[in-house]
Amino acid sequence: MSDEMIAIRDLNKWFGPIHAVDGVSFSVRRGEVLGFLGPNGAGKSTTMKMITGFLAPSSGTAVVCGHDVNDDPVAVKAKIGYLPEGAPAYPDMTAAAFLDFIAGIRGLKGARRRERLDYVIEHVHLAEVLHQPIDTLSKGFKRRVGLAQALLHDPDVLILDEPTDGLDPNQKHEVRSLIDSMAKEKAIVISTHLLEEVTAICTRAMIIARGRVLADGTPEQLEGRSRWHNAVSLVLSADRAEELRAALAGHDRIVGTEVELGEENLAQVTAFPRGAQSIIDEVGAILRDRKFTVEEMRVERGRLDEVFRSITTGAAA
Amino acid sequence: MRNIWYIFKRELAGYFATPVAYVFLVIFLALAGAFTFYVGNFFERGQADLQSFFGFQPWLFLFLIPAVAMRLWSEERKTGTIELFLTLPISIGEAVVAKFLAAWAFATIAIALTAPLWITINVLGSPDNGVVFAGYVGSILMAGGYMAIGACISAVTKSQVIAFVVAAMICFLFTVSGSPIVLGFFAGWAPQPVLDTIASFSFLTHFNAISRGVIDLRDLLFFGSLIVCFLIANAIVVDMKKSG
């Protein structure tokens, strides 16, 4: 069996006149963590609902571990661990009873069942609320119950719709480490609108808007599409900022410059490179030749939020 | 089969996890008692049988069974758990059957709790226990029929109120389809075979036949096939909702 765990082929979904998902195709391999990025209503959740067999595609299909979701939805569902948006769980059940129910349906038995229950309860930190009804739990714990449920049968494919939504920064970090620790053996798809999350855990990011895939690459490649990629920012005394700007602007590998006045008589001067080439040597040479003293100098990686905004709104980067 | 068992257990426990089950059981027993003793003149009749108890049951079930069934699918849609439930590795058929069986089992528990009445008539006289047994069989079957209707309607909407009202209405039509209320609507223009067909859907006719102690295969088949038909419709509705 190949490493390709999820293969999406020309997936389309119409809700009445609305084309919610418009010809989406991609595949995910074992070891990949794919981040779906996109504004609300972009089609991220709808795509996930079709992969997991909750919604039927209007056309196209998803193949998960060799099973076609249109032909054999039960086999697909058995392979996937799915955290739906909002982490729904039966409110009247206790977390323990709920996980027990899921373990039963997932066919876990005997020692294996105990082992898996212990594993998720420990790793998702549920021990303290195990015997409370789910509707009395905080948002963070509810999300963790949903996550525990998705991980219980140690699935090959994990589909997590906004897994860290509503968690505090510590909980977010824990969930990300957990995803990270499982990344090697599984194919994972997460959706998020937190850009930092993509940089933190995804090996690949896909920007979706209005039902279409607009960009697909590693987070670094996407950052590379930003005009900030490899730009050099310098902080120096405001008196000489304009002089430095003029000196930088004259260089032929620099396409643009910006000055931003800061506090305490300091200013930041940024030079944008032509074609995202590294310009650190050129900038260094200018500083030496013209005898500028700078407080701070850094090379920008590129701003994912800017790339995201420009791609999803269609404006120029 | 294994999946049906797990879902069945969860659903049945779901009734008892909230006060709903207890409220329902108390109201059912109170109303069944009130009808039997005050309206049905249980003592005045001077007969050791449960005719006065079974006679009112269709009317009681008419609105109490839709109240049990209304949450089956509507609540899952409302709380979003439907997305979790239907992405578990189970078939729609298993889900539909398991939910129906759980609700039916709950109704059967309610009916079983009226057993003191059966004991009472045995203390007071010497009833024909075969007839009483047949009455209970009919009662449980009829509850299953109403429940299948209620479950199917519950799958259509996310509002439990709408599910209840619509299901009660349909149950009412099935209950009285042999009476002038329904037949009068068709009598002027529909041919006699149509009228006979409509009349044959009456729960009252079939239930009364069984509760008089005659367990006729035709009556059993009626309730059995009605349940199967509505469960198939239920599965179709759930599947259609997948298309969004």
Side-chain angles (χ1 to χ4, degrees), chain A residues 13-16 18 20-21 45-46 48-58 67 69-70 72-94 97-98 100-109 133-135 145-146 149-150 152-153 155 159 161, chain B residues 1-24 68 71-99 102-103 106 155 158 160 235-244:
Chain A
K13 183 72 189 173
W14 291 87
F15 293 115
I18 298 160
V21 174
S45 293
T46 307
M48 288 182 157
K49 284 174 189 179
M50 287 192 281
I51 302 174
T52 53
F54 180 65
L55 285 179
S58 301
H67 304 286
V69 75
N70 291 328
D72 194 356
V74 174
V76 168
K77 290 167 187 180
K79 289 286 181 190
I80 296 180
Y82 178 39
L83 174 68
E85 190 177 10
Y90 295 105
D92 298 328
M93 297 179 99
T94 64
F98 177 64
D100 211 51
F101 165 65
I102 300 289
I105 295 279
R106 293 291 187 183
L108 296 170
K109 288 197 190 71
I134 291 171
D135 64 350
V145 170
Q149 162 277 125
L152 194 55
H153 55 299
I159 298 197
D161 202 344
Chain B
M1 239 7 246
R2 200 196 65 215
N3 288 341
I4 292 181
W5 169 239
Y6 287 118
I7 303 166
F8 172 85
K9 264 201 315 192
R10 201 208 72 73
E11 290 286 337
L12 190 56
Y15 280 107
F16 292 97
T18 60
V20 174
Y22 304 99
V23 169
F24 176 85
V68 173
R71 62 174 278 282
L72 282 176
W73 294 94
S74 304
E75 197 178 34
E76 297 239 21
R77 269 191 207 288
K78 189 88 183 170
T79 59
T81 49
I82 188 93
E83 193 170 345
L84 178 95
F85 184 57
L86 292 182
T87 51
L88 291 172
I90 53 173
S91 68
I92 289 178
E94 286 172 328
V96 167
V97 169
K99 273 178 176 282
F106 178 71
K158 64 161 76 167
Q160 295 198 35
I236 292 172
V237 170
V238 172
D239 196 50
M240 270 168 50
K241 292 260 172 183
K242 266 178 75 176
S243 308

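In what follows, every heavy atom counts, from backbone to side chain, and hydrogens, waters and symmetry copies are set aside. So that the names make sense, note that chain A is the first sequence line, chain B the second, and so on, each numbered from 1.
Listed by chain and number, the residues in a salt bridge (charged side-chain N to carboxylate O under 4.0 Å, His left out) with A/Asp100 are A/Arg113 (sequence neighbours excluded). Partners of B/Phe24 according to the ring pair (Phe, Tyr, Trp, His ring centres under 6.0 Å) rule, which considers only residues two or more places apart in sequence or in another chain, are B/Phe106.
With hydrogens and angles disregarded, no donor-acceptor distance shorter than 3.5 Å links the side chain of B/Lys242 to the backbone of A/Pro57.
Residue A/Met93 touches chain B through its side chain alone, counting heavy-atom pairs closer than 4.5 Å. Neither the backbone nor the side chain of A/Lys79 comes within contact range of chain B; no heavy atoms are under 4.5 Å apart. Proximity to chain B (any heavy atom under 4.5 Å) is shown, for A/Leu83, by neither the backbone nor the side chain. For chain B, the nearby parts of A/Ala78 are the backbone and the side chain; heavy atoms of each come within less than 4.5 Å. Contact annotation for A/Phe15: only side-chain heavy atoms (C-beta onward) come within less than 4.5 Å of a heavy atom of chain B.
Counting heavy atoms from C-beta on, the side chains of B/Thr87 and A/Ile80 never come closer than 4.5 Å.
Here the closest heavy-atom approach between residue A/Lys13 and residue B/Ser243 is recorded as NZ-O, 2.8 Å.
The interface of residues 12-23 of chain B with chain A, defined by heavy-atom distances below 4.5 Å, comprises B/Ala17, B/Thr18.
Contacts classified as side chain to side chain donor-acceptor pair (under 3.5 Å) and involving residues 2-14 of chain B (residues at least two apart or in different chains) are given here: B/Asn3-B/Glu94, B/Glu11-B/Lys99.
By number of non-hydrogen pairs under 4.5 angstrom with chain A, the leading residue of B/Leu88, B/Leu86, B/Thr79, B/Ile7 is B/Leu88.
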